[in-house]
Amino acid sequence: MSKKTEPIPGTSDFFPEETIQWQYLEGKAHSVFSRYSIGEIRTPVFERTDVFLRSIGDQTDIVQKEMYTFKDRGDRSLTLRPEGTAGVLRAIANKGLSQGDEQRVYYIGPMFRGERPSAGRKRQFHQIGVEYVGKVSPEIDAECIILLLDYLESIGLTDTKLLINTRGISGDRERISGTMSDYYKPHIDTMCEDCRRRYDTNIWRILDCKNEGCKTITQNAPSMIDLISETSRIYFDSVCEILKYTGIQYQIDPQLVRGLDYYVHTVFEVVSNNIGAQDAIAGGGRYEILNPGQKHPLIGVGFAMGVERLLLAKNANKSDLGKGICVDIYIVSLGRPALQKNFDLASSLRKQGFRVLMDLENRGMKAQMRTANKVNAKITLIRGQSELDDGIILLKNMNDSSQIKVQFDEITAALKPFFNRS
RNA sequence: GUGAUUGUAGCUCAGUUGGUUAGAGCGCCUGGUUGUGGCCCAGGAGGCCGCGGGUUCGAAUCCCGUCAUUCACCCCA
């Protein structure tokens with residue numbers, strides 16, 4: 001509401017109620033991906049600008065109008081990463097990868113795109129992504145997709161749709177572009193402004209134009225499946241077959257081409273209903289990326305998921321996730337001497353693994369009890385001057401209000417029945 | 001970038017055809033006899049009515065600008 005404290009448009013602050021959900025998603029990523037023997041990579045959030053220009057493609061929308069690019073003090077052009085793949089591939093190229101060797105990694109972190117924010121789209125957003133780099137086979141593509149669905153299932157997201165398509169091997173691309181160009185040439189004057197631009201810059205993207213007029217023209221366009229070469233078709237069929245064999249539901253979407261230049265062969269997307277217009281919660285495909293100064297492109301397959309969108313989709317499904325921070329024990333102290341002694345008690349309980357909160361303001365009993373109730377403590381321990389004198393402590397069960405006196409040095413045993421943990 | 005939407009208390013929102021000290025619910029704090037939570041009751045704190053200009057005797061209310069929110073387009077995760 002106020003002005004100066006708001007974060008920059010398109011960025012957000014995340015408080016514990018939310019970050020607990022993020023930690024859940026990240027924890028699942030660590031455990032699921034490790035079962036596929038995939039380790040985490042962490043690369044810088046900014047790179048030399050040409051890292052993105054070359055790989056994503058300098059005619060793509062991302063590069064043309066969405067990148068946060070700036071000059072550093074050495075007058076180098078740097079860019080906040082708009083996606084994860086380019087930086088990961090740069091890192092792998094830099095480290096070196098023997099021919100025929102493979103490197104599998106996943107990454108988690110913020111990405112930056114200067115778009116107008118709306119539901120499911122921020123300027124700083126967060127992705128969890130996976131890359132299988134160095135090898136090519138339909139089986140690898142298939143495992144990558146299986147992994148993606150495995151992860152989504154592990155976080156309880158099953159109400160989704162998998163769309164796949166192929167863009168053909170890189171050798172096909174020029175021929176496909178040519179055929180498409182021939183097809184659209186007589187129609188191009190009647191199509192929308194964006195498509196006229198795409199015709200020259202990135203003809204593939206005409207395919208998923210939402211404009212009604214353009215859609216009808218596209219409907220009769222030669223289908224990708226018919227345009228690709230025999231090799232590409234066999235490759236794509238193999239991917240589909242494995243998915244079918246594994247019992248994975250998918251839908252071939254001939255319109256799916258995706259907006260980054262580096263994709264070849266298999267491309268896929270997972271969409272969810274009920275989260276607004278930005279319905280893609282994950283997307284990816286096979287790619288070839290030539291890094292600056294390298295002779296040969298690196299090949300790989302991978303995907304990225306939008307963390308904010310995963311959360312949107314999850315919460316739309318009303319599946320419960322994360323219960324917030326809980327308190328096991330609240331310590332009520334009466335009087336400064338007791339308060340001081342209770343510091344010891346608190347740290348000893350915390351060392352035993354209890355989640356402990358205590359009053360630090362020397363307030364009245366009523367106020368402390370109110371707080372104990374508010375934070376939903378299971379047990380309240382009460383110790384004031386008289387308990388100090390008697391060497392005891394009061395243990396109150398907040399559920400049924402029952403209260404017992406416990407010898408102070410037997411407190412651990414007394415707590416045991418209330419916390420059935422191994 | 002284009003279009004629309006909204007901006008009043010910590011939160012969710014009322015605020016009548018412009019008219020006196022700007023309201024409610026929730027939340028917060030303090031009480032309701034000695035050191036015991038939730039329910040109830042009483043009291044209290046807390047607002048440059050997004051910001052800046054204009055019209056008017058008078059503006060939260062009307063006009064202009066600006067910033068921000070939310071949503072859609074474009075595109076993508």
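Hydrogens, waters and symmetry mates play no part in the numbers below; they use all other heavy atoms, side chains included.
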Check the distance between [N]'s [atom2] and [X]'s [atom1] and give it to me in whole angstrom.
X        : N     : atom1 : atom2 : value
A:Met365 : B:U36 : CE    : C1'   : 4 Å
A:Arg370 : B:C40 : CZ    : P     : 13 Å
A:Asn397 : B:U36 : CG    : P     : 19 Å

Minimum-distance nucleotide (side-chain atoms of [X] versus [options]):
X        : options             : answer
A:Lys374 : B:C29, B:G3, B:A77  : B:C29
A:Arg121 : B:U70, B:C73, B:G35 : B:C73
A:Ala304 : B:U69, B:U36, B:A77 : B:A77

Rounded to whole angstrom, note down the P distance from B:U5 over to B:A72.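 Taking atom P in both B:U5 and B:A72, they lie 16 Å apart.
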
How far, in whole Å, is B:U61 from B:U8 if one measures between their C1' atoms?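 Per the computed distance, 11 Å lies between those C1' atoms.
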
Residues A:Lys341 and A:Glu387 bridged, charged N to O under 4.0 Å: no

At less than 3.5 Å, do the side-chain atoms of [X] and the base atoms of [N] form a donor-acceptor pair?
X        : N     : result
A:Lys396 : B:U36 : yes
A:Glu115 : B:A77 : yes
A:Gln403 : B:U36 : yes
A:Glu387 : B:G35 : yes

Check every strand shown and say whether [X] touches a base, only sugar-phosphate, or nothing at a heavy-atom separation below 4.0 Å.
X        : answer
A:Gln278 : base
A:Ile281 : sugar-phosphate
A:Gly284 : nothing

Before you tell me yes or no, could you show the steps for A:Met358 and A:Leu345 under side-chain contact (heavy atoms from CB on, under 4.5 Å), namely the whole-Å CA-CA distance, both residues' side-chain angles and the distance that decides it to 0.1 Å? CA-CA 10 Å; A:Met358 64 188 285; A:Leu345 173 60; over 6 Å; no

Could you check, using the six-membered ring where one of them is a Trp, whether A:Tyr106 and A:Phe33 have ring centers closer than 6.0 angstrom?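 Yes, the ring of A:Tyr106 comes within the 6.0 Å limit of the ring of A:Phe33, centre to centre.
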
Secondary structure string for RNA chain B (Watson-Crick or G-U under 3.5 angstrom, | for other-strand pairs): ((((.((..((((.....[...)))).(((((.......))))).....(((((..]....))))))).))))....

